[in-house]
Amino acid sequence: MHELAVTESVIAAISTQLPDSRVVVVHLEIGRLSGVMPDAVRFCFELAGEGTCVEGARLDITEPEGVGDCAACGASFPARDPLALCPCGSADVTISGGADLLIKAVEVADDV
């Protein structure tokens, strides 16, 4: 379960940037082709966040679909697999979306 390490890295990055803040909401983007399970991150977030600036914060996760770009026909299409085939049948596909894990925004309380 690498999601614990991923979650700890997210919390460490936030704690480094906002060491004296009380975080109330963390917005993550976890692409469907990232290989990271959002439900596992949700589970780990509460545990890994104890004693840090994100303790008690809400975690919002968006899960963008994968996007494949076909070099053979030039089409962009929804990709459900990192080894996607284009609807035209070509395997010359570059994944251009849905493979990232990003900290999109962090909201902090005014009272700190």
Side-chain angles (χ1 to χ4, degrees):
M1 184 160 123
H2 71 286
E3 281 78 2
L4 177 58
V6 168
T7 305
E8 289 173 335
S9 295
V10 167
I11 292 170
I14 294 168
S15 297
T16 298
Q17 294 297 316
L18 302 166
D20 299 323
S21 300
R22 185 171 62 88
V23 175
V24 292
V25 184
V26 174
H27 300 272
L28 293 183
E29 182 178 287
I30 301 176
R32 292 183 187 249
L33 300 180
S34 68
V36 177
M37 299 176 62
D39 285 342
V41 172
R42 286 182 185 96
F43 176 77
C44 294
F45 185 78
E46 185 175 331
L47 297 173
E50 289 182 12
T52 72
C53 67
V54 305
E55 183 172 358
R58 188 179 82 224
L59 177 62
D60 288 342
I61 299 175
T62 58
E63 302 174 53
E65 297 288 336
V67 178
D69 297 320
C70 180
C73 72
S76 289
F77 61 93
R80 300 192 193 318
D81 188 290
L83 302 174
L85 291 176
C86 179
C88 77
S90 173
D92 193 1
V93 172
T94 301
I95 299 299
S96 63
D100 296 323
L101 188 156
L102 303 170
I103 301 171
K104 296 294 285 186
V106 176
E107 298 177 32
V108 298
D110 292 334
D111 61 351
V112 178

Among residues at least two apart in sequence or on other chains, which ones pass salt bridge (Lys or Arg N to Asp or Glu O under 4.0 Å) with Arg80?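 Partners of Arg80 under the salt bridge (Lys or Arg N to Asp or Glu O under 4.0 Å) test: none.
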
Using salt bridge (Lys or Arg N to Asp or Glu O under 4.0 Å) as the criterion, list what pairs up with Asp81, not counting sequence neighbours.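 Residues passing salt bridge (Lys or Arg N to Asp or Glu O under 4.0 Å) with Asp81: none at all.
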
Let me see the working for Cys73 and Cys86 under side-chain contact (heavy atoms from CB on, under 4.5 Å), right down to the final yes or no. CA-CA 9 Å; Cys73 72; Cys86 179; 3.6 Å; yes

Does [X] reach the side chain of [Y], with side-chain heavy atoms less than 4.5 Å apart?
X      : Y     : value
Phe45  : Val54 : yes
Val106 : Leu18 : yes
Phe43  : Thr7  : no
Val10  : Glu8  : no
Val41  : Leu59 : yes
Cys53  : Ser15 : yes
Glu46  : Glu55 : no
Leu28  : Asp60 : no

Between the side chain of [X] and the main-chain N/O of [Y], is any donor-acceptor distance below 3.5 Å?
X     : Y     : value
Arg32 : Gly98 : no
Ser9  : Ala5  : yes
Ser34 : Val36 : yes

Atom [atom1] of [X] and atom [atom2] of [Y]: how far apart are they, to the nearest 0.5 Å?
X      : Y      : atom1 : atom2 : result
Lys104 : Glu29  : NZ    : CD    : 4.5 Å
Phe77  : Ser96  : CZ    : OG    : 9.0 Å
His27  : Leu102 : NE2   : CG    : 14.0 Å
Ile30  : Glu3   : CD1   : CD    : 8.0 Å
Ile11  : Thr16  : CD1   : OG1   : 11.5 Å

Nearest non-hydrogen partners of Gly35 and His2, listed with the distance: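 That would be O-CE1, 3.1 Å.
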
Start with the C-alpha distance between Val26 and Ile14, add both sets of side-chain angles, then the distance that settles side-chain contact (heavy atoms from CB on, under 4.5 Å), and finish with yes or no. CA-CA 9 Å; Val26 174; Ile14 294 168; 3.8 Å; yes

Report whether Ile61 and Val24 are members of the same hydrophobic cluster (ILVMFWY, side-chain heavy atoms less than 4.5 Å apart, transitive linking).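 No, it is not one cluster - the side chains of Ile61 and Val24 are not joined through contacts under 4.5 Å.
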
Within a 6.0 Å radius of atom CD on Glu107, are there more than 12 heavy atoms belonging to other residues, nucleotides or ligands?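 Check passes, neighbour count above 12.
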
Let's go through Asp69 and Thr94 carefully: what are the C-alpha distance in whole Å and the side-chain angles of both, what is the deciding distance for side chain to side chain donor-acceptor pair (under 3.5 Å) to 0.1 Å, and is it a yes or a no? CA-CA 5 Å; Asp69 297 320; Thr94 301; over 6 Å; no

